[in-house]
Amino acid sequence: MKRLEHHVYFAIFGFQEDPEAITAQAGVPPDDCWRQGEPYSELAPEARRLDNRWLLTSGLDQQASHRDHFEVLVEKLEQLGDRLPALRRRYRCGIGVSQYFFMDDPAFYLPAELMARFKALDLTLTFDQLGLDSH
């Protein structure tokens with residue numbers, strides 16, 4: 001059985017000011033945000049966030065295709081216009097991708113046109129993949 005889970009996001013991290021300052025500069029609210037020291041979850045309250053983070057995500061279900069995640073995210077980033085380069089000059093930023101494969105032969109493909117849209121935003125895409133044993 002093939003099963004994939006995806007998380008694709010643009011992150012601003014390691015900042016010191018209130019996340020609302022980033023929201024004001026971006027002109028859009030984050031899809032998720034947390035502060036250093038907050039718990040990861042109620043299930044493990046002792047596990048704490050290591051840094052401040054402000055995220056734009058695809059907002060799609062984890063079972064959506066990786067291509068769909070990337071397409072929605074790049075559209076959100078393109079809509080930031082000149083605010084994106086300004087954010088990148090001021091903060092540490094990057095694209096985050098987590099993919100969990102539960103299959104013997106995972107395949108990953110993004111069309112050149114989609115990758116070119118990220119390149120036009122001066123964002124580099126690099127990938128590490130982790131295959132998890134289905135047993």
Side-chain angles (χ1 to χ4, degrees):
M1 172 174 106
K2 285 187 176 185
R3 193 177 99 216
L4 303 172
E5 294 178 8
H6 304 280
H7 307 273
V8 179
Y9 55 88
F10 171 77
I12 297 175
F13 48 94
F15 55 89
Q16 297 303 314
E17 63 262 59
D18 189 287
E20 287 300 317
I22 295 173
T23 298
Q25 291 173 52
V28 297
D31 294 310
D32 200 0
C33 184
W34 60 76
R35 303 287 300 199
Q36 181 179 9
E38 289 179 354
Y40 275 97
S41 73
E42 292 178 15
L43 298 175
E46 67 282 355
R48 301 292 176 159
R49 302 282 184 181
L50 299 177
D51 64 1
N52 296 328
R53 195 160 294 197
W54 186 99
L55 302 170
L56 287 180
T57 69
S58 67
L60 298 177
D61 182 273
Q62 292 179 7
Q63 302 303 316
S65 75
H66 58 270
R67 180 178 178 166
D68 289 345
H69 279 281
F70 278 96
E71 285 181 354
V72 171
L73 181 61
V74 79
E75 287 170 12
K76 284 181 153 184
L77 293 171
E78 288 168 341
Q79 290 173 6
L80 293 178
D82 291 340
R83 294 180 302 253
L84 179 60
L87 289 166
R88 293 186 64 232
R89 280 190 299 273
R90 183 165 182 171
Y91 300 105
R92 290 178 56 212
C93 304
I95 302 291
V97 180
S98 298
Q99 294 181 280
Y100 302 92
F101 294 94
F102 299 91
M103 64 185 84
D104 293 332
D105 186 28
F108 185 85
Y109 169 79
L110 286 177
E113 308 83 52
L114 181 54
M115 293 177 66
R117 290 171 69 189
F118 281 95
K119 184 176 173 105
L121 296 172
D122 199 27
L123 293 168
T124 303
L125 298 177
T126 56
F127 300 94
D128 269 336
Q129 293 181 315
L130 175 62
L132 301 176
D133 190 345
S134 60
H135 300 352

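Across all their heavy atoms, F13 and G94 have their closest contact at CE2-N, 4.0 Å. When all heavy atoms are compared, the tightest approach of C93 to I12 is SG-CG1, 3.7 Å. Contact record, P45 with L43: CD-C, 3.6 Å, taken as the closest heavy-atom pair. Annotation for L110 and H66: closest pair CD2-CD2, 3.8 Å, computed over non-hydrogen atoms. The shortest non-hydrogen separation linking A26 to R83 is O-NE, 2.6 Å. When all heavy atoms of R35 and E17 are compared, the pair lying nearest together is NH1-O, 3.2 Å.
Note: K76 NZ to S58 OG = 7.0 Å, rounded to the nearest 0.5 Å. Rounding to the nearest 0.5 Å places CD of Q16 at 9.5 Å from CG of D51. How far CG of N52 is from CH2 of W34: 10.5 Å, rounded to the nearest 0.5 Å. Rounding to the nearest 0.5 Å places CD of Q79 at 10.0 Å from CG of L56. Expressed to the nearest 0.5 Å, how far CG of L121 lies from CZ of F10 amounts to 9.5 Å. Between F118 atom CZ and L77 atom CG the span is 6.0 Å, to the nearest 0.5 Å.
R88 places a side-chain N or O within donor-acceptor distance of the main-chain N or O of D122, the cut-off being under 3.5 Å. Between the side chain of H69 and the backbone N or O of G59 there is no donor-acceptor pair closer than 3.5 Å.
Connection of F15 to L50 is not established within any shared hydrophobic cluster, with ILVMFWY side chains joined at heavy-atom distances below 4.5 Å, either directly or through further cluster members. Under the 4.5 Å side-chain contact rule for hydrophobic residues, L55 and L73 do not share a cluster.
Between R53 and C33 there is no side-chain heavy-atom pair separated by less than 4.5 Å.
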### Task
Run the numbers on R49 and Y40 for side chain to side chain contact (heavy atoms under 4.5 Å, CB included), then give the verdict.
CA-CA 6 Å; R49 302 282 184 181; Y40 275 97; 3.2 Å; yes

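Y9 meets the ring pair (Phe, Tyr, Trp, His ring centres under 6.0 Å) test with no other residue; sequence neighbours excluded.
A salt bridge is absent between E113 and R117; no separation between the charged side-chain nitrogens and carboxylate oxygens falls under 4.0 Å.
No more than 12 heavy atoms of other residues, nucleotides or ligands lie within 6.0 Å of CD in E42, so this atom counts as exposed by the packing criterion.
The side chain to side chain contact (heavy atoms under 4.5 Å, CB included) test with V74 is passed by exactly one of V8, I95, L114: L114.
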